[in-house]
Enquirer: 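Would you mind keeping the following structure in view while I ask a few things?
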Protein chains: 2
Amino acid sequence: MTTTRESVTQAGAASPRLHRGSLTKQTIVAAALGILDDHGNPGLTFARLGKELGAAPTAMYRHFPSRDEILLAVADELIGMSIDGYEPSESWMDSLRDLAYRAWHTFAAHPAAATQTFFRVTRGPNELRAVNAILEAIHRAGWTGTEAVFQYHVFSNLVLSTSGTHAARVAVRQESEANGNVEWNQEYYPAHPEDYPYVVAAREDFRTINLFEIYKGQVEAVLSQMARKAQLQIQ
Amino acid sequence: MTTTRESVTQAGAASPRLHRGSLTKQTIVAAALGILDDHGNPGLTFARLGKELGAAPTAMYRHFPSRDEILLAVADELIGMSIDGYEPSESWMDSLRDLAYRAWHTFAAHPAAATQTFFRVTRGPNELRAVNAILEAIHRAGWTGTEAVFQYHVFSNLVLSTSGTHAARVAVRQESEANGNVEWNQEYYPAHPEDYPYVVAAREDFRTINLFEIYKGQVEAVLSQMARKAQLQIQ
DNA sequence: ACCTGAACACCGTTCAAGT
DNA sequence: ACCTGAACACCGTTCAAGT
């Protein structure tokens, strides 16, 4: 922690040069994810990465061409954490439900990282695994061809948008709490309450909402709609 | 355009000091939105705001305490653009459908601004108008109390998450096109195609998907589910 | 809730030089 | 597809000074 001191001239080890290959994509990605978890979104800098890894800030450029590419690698890592351990169940509905909940929980556990990445196409290996797993379940539901890709988008759009937006809100809340604010929720106290009667009447109820319950309801709606339409098509 | 030149000593007007009150929250917000539209997300800086408004970069601090507060004002402006001209239709379903499409199109027209703001609670006047309008339609559908707020979230979550995520993807695409990249879409060419059979089989279909069509389908699913449940409750 | 200019601490990226 | 240190252009924010 208290390494860089210019006390110097003493016994070596002021900054023990890293030996070749001690930095890899994987260690950098892991450090980046940890920094995002601990310091939130503005915390991910080359300086902090260097400190965390005991390397010069610019050493990262040997492994990634830019900060954005590090974020894309973090994005793929997040997808990997979501599907690691996933096994298709016998029921395609259970499979998709499982994948949907995995995404929500991974994003909620890493809100800052999810916020910056959930809308990106990573083209990484884990994204391919996830897309393939979703398409596999949709094929088992009875969909093929263009229809299968349409249903893929209905499902993955809902999962990514909703889980990602939730993560973004959690990240904002954590940041504003760190700054001493608590005013992030939707309890409105308008200056002219008579202009917004429905908002004022609903004020107490806004506090009690569980967003994961709403997500579950939306996932069920999509799955049952998918089942209904698939049966219609088969008949 | 070519104002700041230190040719100086010539006829005055090198930088004609602004008269008091020529800067307002509204002009700053309008300039910020224009900059985001023209230069994308990293383009919104105090320097550019100053240039655009003919003012010193630091003059903004008289009107907003931070860059983030400018973004929140842009967020409320975006909501205002969405609902300006909105009139509740006789049918609550048509009302909600109208509000849903307005959000999508506003966000799609201002992708950079939407990307940074769609998940924020602005507490501004336009947000209040929008929340009130949604709750009003939901009450006409027959919902009250906690149930109404639950349905509010099902609807507004879908609208904001999906439209906002779409805007974020459009913004990424515009940025990568500006940098000469075209690889933003989901046509996958994996190194080991045999590992991802469904992905490879669906490659052509990924190109043809219209995301607004998918959004429309999801909005219809939520509205008809809302209608069904409301009738069950009334009986 | 005025506007400007200098100054500060920080940030991503480049590049010549060291192993 | 090695690691470091100096340098560059930029960025948000603060603050004393000008109207």
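Remember, it's a predicted structure, so these values are computed and weren't measured experimentally. First the proteins, then the strands, lettered A, B, ... as listed; each starts at 1.
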Enquirer: Aromatic rings F206(A) and H153(B): how do their planes relate, parallel, tilted or perpendicular, breaks at 30° and 60°?
Expert: perpendicular

Enquirer: Is there side-chain contact between L49(B) and F64(B), with at least one heavy-atom pair below 4.5 Å?
Expert: no

Enquirer: Atom CD1 of I70(B) to atom C1' of dC11(D): distance rounded to whole Å?
Expert: 13 Å

Enquirer: Send over the distance from F46(B) CZ to dC8(C) P, rounded to a whole Å.
Expert: 20 Å

Enquirer: Indicate yes or no for a side-chain donor-acceptor contact from R120(B) to the backbone of L72(B) under 3.5 Å, with no hydrogens or angles considered.
Expert: no

Enquirer: Please say which of W104(B), F107(B), F118(B), Y215(B) ends up in a ring pair (Phe, Tyr, Trp, His ring centres under 6.0 Å) with H166(B).
Expert: W104(B)

Enquirer: Once hydrogens and angles are ignored, does a donor-acceptor distance under 3.5 Å link the base of dG12(D) to the side chain of T58(B)?
Expert: no

Enquirer: Whole angstroms only, please: what is the CG-C1' distance between L49(B) and dC11(D)?
Expert: 13 Å

Enquirer: Roughly how far apart, to the nearest Å, are dG18(D) and dA1(C) at atom P?
Expert: 24 Å

Enquirer: Expected output check: what is the dot-bracket annotation of DNA chain C, where ( ) and [ ] are pairs inside the strand (brackets for crossing ones), | is paired with another strand, and pairs are Watson-Crick or G-U under 3.5 Å?
Expert: .|.|||||...|||||.|.

Enquirer: Could you check how far CZ of R48(A) sits from C1' of dG12(C), rounded to whole Å?
Expert: 15 Å

Enquirer: For residues L160(A) and F119(A), determine if any side-chain heavy atom of one lies less than 4.5 Å from a side-chain heavy atom of the other.
Expert: no

Enquirer: Determine yes or no for a side-chain-to-main-chain donor-acceptor pair under 3.5 angstrom, with S161(A) supplying the side chain and L158(A) the backbone.
Expert: no

Enquirer: Looking for any heavy atom pair under 4.0 Å, which part of the strands does T45(B) touch: base, sugar-phosphate only, or nothing?
Expert: sugar-phosphate

Enquirer: Give L44(A) one of three labels, base, sugar-phosphate or nothing, depending on what nucleic acid heavy atoms sit under 4.0 Å from its own.
Expert: sugar-phosphate

Enquirer: Does anything in residues 60-68 of chain B reach DNA chain D, meaning a heavy atom under 4.0 Å, and if so which residues?
Expert: Y61(B), S66(B), R67(B)

Enquirer: Could you check whether D76(B) pairs with R129(B) (Lys NZ or Arg NE/NH1/NH2 to Asp/Glu carboxylate O, under 4.0 Å)?
Expert: no

Enquirer: Would you please classify the geometry between the H105(A) ring and the F212(A) ring as parallel, tilted or perpendicular, with 30° and 60° separating the classes?
Expert: tilted

Enquirer: Report which part of the nucleic acid T24(B) touches: base, sugar-phosphate, or nothing (heavy-atom distance under 4.0 Å, all strands).
Expert: nothing

Enquirer: Round to the nearest Å and state the distance from E69(B) atom CD to dA1(C) atom P.
Expert: 14 Å

Enquirer: Quick one, L78(B) and T117(B) - any side-chain contact, counting heavy atoms below 4.5 Å?
Expert: yes

Enquirer: Counting side-chain heavy atoms from C-beta on, which of dA1(D), dC3(D), dC11(D) comes nearest to K25(A)?
Expert: dA1(D)

